[in-house]
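Reading through the C-alpha cells given below for one structure.
Lettering of chains follows the sequences in order, A, B, ..., and the numbering in each one begins at 1.
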Amino acid sequence: MKNITKSKNNLYSLGALVLLLGFLAFLQSDTAGYSYQISILERSAIYAVVAVSMNLLTGFTGLFSLGQAGFMAIGAYIVAIFTIPVEARASVYYVSGISPVLANIQLPIPVALLLGGLASAALAALIGIPVLRLKSDYLAIATLGFSEIIRAFIAAPMFDTITNGSYGLKNIPGFSSIFTVFGLAALCIVLMVLLIHSSYGRAFKAIREDEIAAQSMGLNLFRYKELSFVISSFFTGVGGGMLAMFMRSIDSKTFQVSLTYDILLIVVLGGIGSVTGSVLGAFLVTSGRELLRFFDDPLVIGGVSIPLFRSGFRMVIFSILLMVVVLFYRRGIMGDKEFSWDGLFGLIRRLPDRLKKRKTSSAAPGEGGLKQ
Amino acid sequence: MTDKKNILHMDQITMQFGGVVAVNGLTLDVNEHEIVALIGPNGAGKTTAFNCVTGIYQPTYGSVSFQGEVILADTPQGKMRRLYAGDVTPASLTPVHKTPDQVTKLGIARTFQNIRLFGNLTVFDNVLIAKHMRAKQNVFSATLRLNHKEEQRMRDESMELLQMQGLAHLKDEIASSLPYGLQRRLEIARALATNPSLLLLDEPAAGMNPQETQELTDFIRQIRDDYHLTIFMIEHHMDLVMQISDRIYVLDFGKLIAQGVPDEIQNNPKVIEAYLGVSDNVDD
C-alpha cells in the first residue's frame with residue numbers, strides 16, 4: 001500500500017515536472033513576446049536559490065544572518081569582472097580604465113559562477129571566525145554590517161579599475177535560455193536539499209534545537225556553524241552571479257540592504273525551515289509584485305480619477321497582503337513542513353469542512369493559537 | 001574500592017563564579033563498572049560539578065582526569081587570583097581545556113537535569129545525531145550520498161539501540177511529544193548512542209512516581225551491565241540512590257561532607273544535618 005502511494009506520488013511529481021518543462025518550452029519558443037513573463041520567472045528562480053541558502057542558515061542551523069546582499073555582491077562582481085567580453089571592456093571601464101592584471105582574463109561562465117561562489121565562501125569563512133561567536137540578533141547586526149562594508153568597498157574609488165566604482169558594470173553576458181536559469185537553480189537547490197537530509201544536515205538541526213545538547217553529542221559548535229555559514233554563502237554567491245547575468249548590468253546599489261530584506265521576506269513568508277516554502281515564496285513574492293502593477297496606473301472610473309492609484313501604490317497593497325498572510329499563517333505558508341502530494345490532496349479534501357467550521361464558529365480561536 | 005581501575009578522578013575541583021564558590025575543593029574518584037552517586041541539598045553544587053567534568057565550565061582551580069588523561073585543569077588567573085576564595089591553596093597547574101564535544105568523543109556522555117532533547121526532531125533522528133560524531137565521512141561524501149554504507153551503519157545501530165530501549169515503535173514520533181518518562185529514557189538512549197564508557201546522569205528520576213523510579217533503578221543497572229558502563233549520577237530520590245549506588249559522595253555548600261557506601265551515608269550525622277537542617281541534638 002505504501003509503495004503504491006509512493007509510486008503514485010512520484011508519477012504526480014513527474015507530471016508536474018513535464019508540465020513545468022512544457023510551460024518553459026512554450027515561453028522559450030517566443031522569447032520576444034513573453035520577455036516580461038520570462039524575466040519574472042528567471043528572477044524568481046534566482047531568488048529561490050538565495051532564499052534556500054538563507055533558509056539553510058536561518059531555518060536549519062538557527063543562525064540569523066543578514067549578510068545575503070553582501071555575499072551576492074561578491075558573487076555578482078566576480079562573475080561580471082571575469083565574463084564581460086574582453087573587447088567590450090574598454091567601453092565598460094571608460095572612466096578609470098581596467099586594471100592591467102584583469103584586462104585579458106576571461107573565464108567561461110560556469111567557472112566564473114563557481115569562482116564567485118568560492119570567493120563568497122572564502123570571505124564567509126573569514127568573517128565567520130569573529131561573528132559566529134555571537135548569537136541571534138547580534139549575529140544579524142554583525143553580518144548586516146559586513147554586508148554594507150562589502151558594498152562600500154565595491155563603490156570605493158580606490159577599486160575603480162576593478163569594480164568600476166559607482167559606474168557599475170555592464171555588458172555582462174546573459175543566459176542563453178530560461179532552461180539554463182532553471183537548471184542551474186534546480187541544481188543548487190537539489191544540492192542543498194541533499195545536504196539538509198544528510199548526516200551533516202541533522203547536525204545543523206541539532207545545533208538549531210539545542211546548542212548545549214548538540215555539544216554533548218560531540219558536535220563542535222563553531223565548526224558546524226562555520227560549515228553551514230560557508231556553504232550558505234557559497235550558494236548565495238552563485239545566486240548573486242546568476243543575478244548579475246540576469247540583470248546584465250550591476251552596480252553597488254543593486255546590493256543594498258533592501259535586497260537582503262527581499263530574501264528575508266521570501267524565507268519568512270515561505271516558512272522558516274521549509275525548502276519548498278522558500279521556493280514557493282520566491283515565486284509568489286517576485287510575481288506578486290509584478291501582478292500588482294496595475295495599482296500604479298491611474299484609474300479613472302466614470303471620468304473621476306481615483307487619487308490613490310499612482311506610482312508606488314502597489315507597494316502599499318503588497319505590504320497589506322503580506323501582513324494578512326503573516327497574520328493568518330504565523331509560521332509562513334509552509335511552516336517548517338515540506339510540500340508533499342498527500343499534504344496537498346489532504347488540504348483540498350479538508351477545505352470544504354474548514355470553511356464550514358469557520359462559518360459556524362466564527363468566535364472560535366485561531367487554530368494556531370492552541371498549538372505549541 | 002582500590003583494586004578496580006580508576007575511570008574518573010576529580011582533584012580539588014573549585015568552581016567560583018564572581019565571589020560565589022559553587023564547588024569548593026571537591027576530590028572524588030569513580031572506578032570502572034561502579035555506580036557512584038553525588039547527593040546533596042539543593043544548590044549544593046552538584047550540577048556545577050557535572051558541568052566541570054563535561055567541559056561546559058572550566059574549573060577555577062583543580063583538575064579532572066578521565067582514564068588517566070587530564071581533560072580539564074586550571075589555576076586562578078588574572079582577576080581571579082585576587083578574588084579566589086576556595087579552601088584549597090592553588091598550586092600551579094598547566095591549564096588544559098577540552099571542549100564539551102571533545103570530552104564526549106573521549107567517552108563521557110551525559111543527560112541533563114532539565115531534559116534537553118532535540119524537541120522538534122523525531123525520536124530516531126535524536127539518536128542518529130549522536131552517531132554523527134564517530135562516522136567516517138565528510139560534507140561532500142555525505143551530500144553526494146557516497147557515504148551510504150556509513151549512513152546505513154549509523155541507521156542500523158540507532159535502530160538497534162532504540163529496540164533495546166523499547167522505543168522502536170516510537171521512532172517517528174516528535175521527541176517533545178513523548179510523555180515525560182519516555183523523554184528521560186530517550187535522553188539516556190541518545191547518550192548511549194555516543195558509545196560512552198562513563199555515563200553521567202543528572203537527576204534521572206526527577207519528576208517520576210515511585211513505580212517509574214523503581215523501573216529506572218532496574219534500567220540503570222541493566223544498561224550498566226549491557227554496555228559495560230561506569231555510572232556517575234546526581235539524584236534526590238534516596239530510595240534509588242541507596243538501592244543501586246556502590247558508593248556515595250555528599251556535597252553541601254560546595255564542600256564534600258561525607259563519602260562511603262550507602263549504609264555509612266545513611267547513618268552519618270553530618271549528612272542528616274545537611275538534609276534536615278538540624279544543628280544540635282542529632283539523634284544517633
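Put simply, the side chain of Thr99(B) does not reach to within 4.5 Å of the side chain of Leu221(A), judged on heavy atoms. Between Ile231(A) and Val139(B) the shortest side-chain heavy-atom distance falls below 4.5 Å. Side-chain contact between Arg190(B) and Met217(A) is present, with at least one heavy-atom pair separated by less than 4.5 Å.
At most 12 non-hydrogen atoms from other residues, nucleotides or ligands lie less than 6.0 angstrom from OH of Tyr329(A). Shown here is Phe179(A), whose CZ atom has more than 12 heavy atoms of other residues, nucleotides or ligands within 6.0 Å. Heavy-atom contacts from other residues, nucleotides or ligands closer than 6.0 Å to CZ of Arg331(A) number 12 or fewer. Heavy-atom contacts from other residues, nucleotides or ligands closer than 6.0 Å to CZ of Phe140(B) number 12 or fewer.
Considering all non-hydrogen atoms of both residues, Ala213(A) and Arg116(B) come closest at CB-O, 3.4 Å.
With a 4.5 Å cut-off on non-hydrogen atoms, Gln137(B) touches chain A through its backbone and its side chain both. Both the backbone and the side chain of Ala142(B) come within contact range of chain A, each with at least one heavy atom under 4.5 Å from a heavy atom of that chain. With a 4.5 angstrom heavy-atom cutoff, Thr54(B) does not touch chain A via any of its atoms. Looking at Ile108(B), neither its backbone nor its side chain comes within 4.5 Å of chain A, counting heavy atoms on both sides. For Phe204(A), no part lies under 4.5 angstrom from a heavy atom of chain B.
A distance of 9.5 Å separates CG in Leu144(B) from OG in Ser198(A), rounded to the nearest 0.5 Å. For the atom pair Arg202(A) CZ and Leu128(B) CG, the distance stands at 3.5 Å (nearest 0.5 Å). Rounding to the nearest 0.5 angstrom, the gap separating the CG atom in Asp101(B) from the CZ atom in Arg223(A) is 9.5 Å. For the atom pair CZ of Arg145(B) and CG of Leu194(A), the computed distance is 5.0 Å after rounding to the nearest 0.5 Å. With rounding to the nearest 0.5 Å, the separation of CG in Asn126(B) from CD in Glu209(A) is 8.0 Å.
In this structure a side-chain-to-backbone donor-acceptor pair under 3.5 Å is present from Thr104(B) to Ser216(A).
Your options are Leu227(A), Asp336(A), Ile212(A), and the one with the most heavy-atom pairs under 4.5 Å with chain B is Ile212(A). Of all the listed residues (Asn120(B), Asn147(B), Thr194(B)), the one sharing the greatest number of non-hydrogen pairs under 4.5 Å with chain A is Asn120(B).
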Stepwise side chain to side chain contact (heavy atoms under 4.5 Å, CB included) check, Arg208(A) with Leu121(B)
CA-CA 11 Å; Arg208(A) 172 193 73 187; Leu121(B) 305 183; 3.7 Å; yes
